[in-house]
Structure formats: structure tokens, C-alpha cells
2 protein chains.
Amino acid sequence: MPTPHYGQPRYRVIADDLRERIDDGVIQSGTLLPPESVLAAEFHAARGTIRKAIDVLRRDGYATTEHGRGTYATKRNLDHAGQQETRQREVSADVRLAALFGVEVGAKLIERETVIRRDNRVEVVLNSYRLCPRSRS
Amino acid sequence: MPTPHYGQPRYRVIADDLRERIDDGVIQSGTLLPPESVLAAEFHAARGTIRKAIDVLRRDGYATTEHGRGTYATKRNLDHAGQQETRQREVSADVRLAALFGVEVGAKLIERETVIRRDNRVEVVLNSYRLCPRSRS
DNA sequence: AGAAATTTGTCCGTATGTATC
DNA sequence: AGATACATACGGACAAATTTC
């Protein structure tokens with residue numbers, strides 16, 4: 001099979017699957033995930049793809065890996081720990097932002113948005129705006 | 001060359017090299033890095049190794065990549081500390097924020113805005129949004 | 001408008017190094 | 001020392017977004 005990845009790439013689908021298992025307790029917090037080789041066999045994916053999926057889990061705080069030992073699931077305690085997710089996208093400058101940056105309204109900006117939740121409720125939304133690199137001299 | 005990575009792995013060495021070029025202005029902020037294929041040839045490394053190096057740069061805020069276009073250097077030499085100013089005000093929730101917080105459109109939110117300037121130019125705008133204390137149940 | 005070239009994104013398979021059990 | 005498991009690196013192939021002609 002070459003590389004058909006319509007919609008979501010496989011490593012994200014796999015990451016979502018594993019994250020779900022951690023959230024649901026199928027893989028309990030503090031226990032080891034199956035070895036990469038086993039996951040590769042289960043998902044019929046290359047080990048590199050599994051590693052990319054685990055990268056995502058690590059970045060989101062769902063796993064920590066130790067060389068030669070394995071990858072531990074670290075379920076997030078939604079009640080106290082607080083959960084955060086960040087995503088980045090390109091937006092058009094509104095009047096206010098355009099004035100601040102000294103660009104035309106509608107100019108492209110990079111927005112980074114972090115949503116911090118606590119007790120399953122949004123506590124704070126953080127938005128940062130920068131000029132697109134290519135529009136900066 | 002098989003794969004000897006005593007000490008630092010190659011992708012880190014390459015990342016350090018590129019970071020130095022950005023800090024020294026050899027690659028100016030806002031300009032494109034050479035394509036991955038060119039870097040691979042220059043460093044005598046596989047493209048995957050170059051991509052891992054660029055991953056490191058991205059994580060450290062030294063580069064941003066756009067699909068099909070290239071990777072921009074994004075760090076500038078910070079000679080001055082840069083000023084910052086923050087102000088706070090009450091705003092109405094737009095559709096997106098209302099959805100995130102689970103309130104009606106138009107509900108009052110507290111916006112804290114920090115504008116960071118460097119070299120007399122706005123570098124980044126940080127906006128945080130919280131529910132008004134009194135509207136929290 | 002559209003085709004081709006360029007460039008990044010994903011995925012595979014394999015091999016070898018390094019840390020832990 | 002041997003087995004297991006993660007880390008690094010290579011090379012090839014194809015997909016998707018952008019730019020160029």
C-alpha cells in the first residue's frame with residue numbers, strides 16, 4: 001500500500017485512537033503502552049508512523065517516553081490539572097489589529113490560540129497575533 | 001556512513017548550525033530557508049534528518065513552515081528588551097468565543113490585551129479572555 | 001486557465017545505535 | 001550476555017499545496 005491519506009493522516013488517527021484508550025482507561029494512567037513494534041502490527045502501520053502518533057500524545061501531555069523502557073500513559077486529571085490545547089491558523093487583520101501592526105485591514109496574521117480548561121470548562125482563551133513571516137521585511 | 005550518533009545526533013547538530021545562521025543574520029528573519037532537498041545535499045543527510053532538524057527550530061520558535069511554500073526564519077536579533085503594555089476591558093463574546101465558553105453571543109467577557117513592541121514595531125499581540133466573575137455560576 | 005515544476009507532508013521498509021530489563 | 005524497546009538515519013515513493021510558466 002503506497003500512501004493513501006485522505007482526510008486525516010494515519011498518525012493522527014492512530015494518536016486519536018490511543019488518546020481515547022487512555023481517556024477511557026483502557027490503557028490506565030501510569031502503565032506502559034504496548035511497544036511500538038506491537039502497535040505497528042496492530043495498526044498495520046510502519047513503526048515510524050507509530051512514533052509520530054506517540055509524538056502527538058507526548059506533545060499533548062498524554063504520554064511520556066523513556067529510552068529503552070517504554071512509553072507511559074499519563075492521563076490528564078481533568079478535574080484539577082487543567083487541560084490545554086493550542087492551534088495555529090492564518091487570519092485576516094481586523095481594524096484594530098491592522099492599526100496596531102500598521103498594515104492594511106485584511107492583511108494576513110498568524111493567530112495562535114490556546115484554550116485552557118479546568119473542571120471541563122473553558123477558563124481562559126489566549127490569542128496571540130503576529131505578522132506572517134513572509135510579510136515582514 | 002552507517003548511523004553513528006555518539007554524543008549529539010546529527011539532526012541536532014544541523015539544527016544548531018541553522019539556528020546560528022539565523023541568529024547571525026546569515027539567514028535573515030522573514031526569508032526562506034533553502035529547500036529541504038538542498039539542505040539535505042549540503043549536509044549530506046537524508047531529507048528526513050533535515051526535517052527533524054527543522055522540527056527543532058520550529059519548536060524553539062526559530063522557523064515557521066508553510067506547506068508547498070517553504071520554511072521561514074522567524075527569529076530576529078533582540079538588541080533591545082522591547083516594551084510592553086497591557087490594558088484590560090470588557091467586551092462582548094463573538095460567536096467563536098461564546099461557543100468556547102458555552103455562553104450566549106454578546107455575553108460579557110474580560111479581555112486583557114498585551115502589546116509587545118520591538119524596534120518600535122508591534123511584534124506580537126496577546127489577548128486573553130475570561131468570563132466576567134459575576135457571570136460565572 | 002491549465003500544465004509543469006517546486007516544495008513540504010506522509011508513509012513505508014530497513015538497518016543500526018543506545019538504554020533498559 | 002542476551003533480549004527487549006526506544007532513538008537515529010537512510011532511501012524511496014507518493015500526496016498535497018504553492019508557485020511558475
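The chains referred to below are lettered A, B, ... by the order of the sequence lines, with proteins before strands, and numbering in each begins at 1.
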Going through the checks in order, is the salt bridge (Lys or Arg N to Asp or Glu O under 4.0 Å) test met by Glu123(A) and Arg117(A)?
CA-CA 5 Å; Glu123(A) 176 156 299; Arg117(A) 287 186 171 81; over 6 Å; no
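Distances shown here put a side-chain N or O of Arg69(B) below 4.0 Å from the OP1 or OP2 atom of dT19(D). Contact annotation: Thr49(B) reaches the phosphate of dC10(D) (side-chain N/O to OP1 or OP2, under 4.0 Å). Between dT10(C) and Tyr11(A), a contact under 4.0 Å exists linking OP1 or OP2 to a side-chain N or O. Using a 4.0 Å cut-off, some side-chain N or O of Lys52(B) falls inside it from OP1 or OP2 of dT8(D).
Note on Tyr62(A): it does not cluster hydrophobically with Tyr72(A), by side-chain heavy-atom contacts below 4.5 Å among ILVMFWY residues.
A donor atom on one side chain and an acceptor atom on the other are found under 3.5 Å apart for Arg58(A) and Thr65(A).
Among the nucleotides dC6(D), dG9(C), dC10(D), the one closest to any side-chain atom of Pro35(A) is dC6(D). Checking dC10(D), dG9(C), dT8(D) against the side-chain heavy atoms of Ala46(B) singles out dC10(D) as nearest. Residue Arg10(A) has its side chain nearest to dC11(C) when only dT8(C), dA9(D), dC11(C) are considered. Closest to the side chain of Pro9(A), out of dC11(C), dT8(D), dC6(D), is dC11(C).
Of the two residues contacting DNA chain D, namely Arg12(B) and Glu36(A), the nearest-nucleotide position lying further toward the 5' end is that of Glu36(A). Remark on DNA chain C: of its neighbouring residues Tyr72(A) and Phe43(A), the 5'-side contact belongs to Phe43(A), judged by nearest-heavy-atom nucleotide.
A heavy-atom distance below 4.5 Å is not found between the side chains of Val105(A) and Arg96(A).
One distance of note links CG of Asp16(B) with CZ of Arg21(B); it measures 12.0 Å at 0.5 Å rounding. In this structure, Ser37(A) OG and Arg47(A) CZ are separated by 7.5 Å, a value rounded to the nearest 0.5 Å.
Between the base of dT20(C) and the side chain of His67(A) there is no donor-acceptor pair shorter than 3.5 Å. With hydrogens and angles left out, the side chain of Arg47(A) and the base of dA7(D) share a donor-acceptor pair within 3.5 Å.
From one end of the helix from dG2(C)-dC21(D) to dC21(C)-dG2(D) to the other, with five pairs defining each end axis, the axis direction shifts by 10° (rounded to 10°).
Between Glu66(B) atom CD and dT19(D) atom C1' the separation is 13 Å, expressed in whole Å. We find that CG of Leu33(B) is positioned 9 Å from P of dT8(C), with the value rounded to whole Å. Taking atom CG on Asp55(B) and atom C1' on dA9(D), their separation rounds to 15 Å, with Å as the unit. Atom CZ in Arg51(B) sits roughly 14 Å away from atom P in dT7(C) (whole-Å rounding). As rounded to whole Å, 12 Å separates atom C1' of dC10(D) from atom CD1 of Ile50(B).
Atom CZ of Arg59(A) sits in a crowded spot, with more than 12 heavy atoms from other residues, nucleotides or ligands closer than 6.0 Å. Residue Glu42(A) places its CD atom among more than 12 non-hydrogen atoms of other residues, nucleotides or ligands, all under 6.0 Å distant.
Within 4.0 Å of Gly48(A), counting heavy atoms only, lies no atom of the nucleic acid at all.
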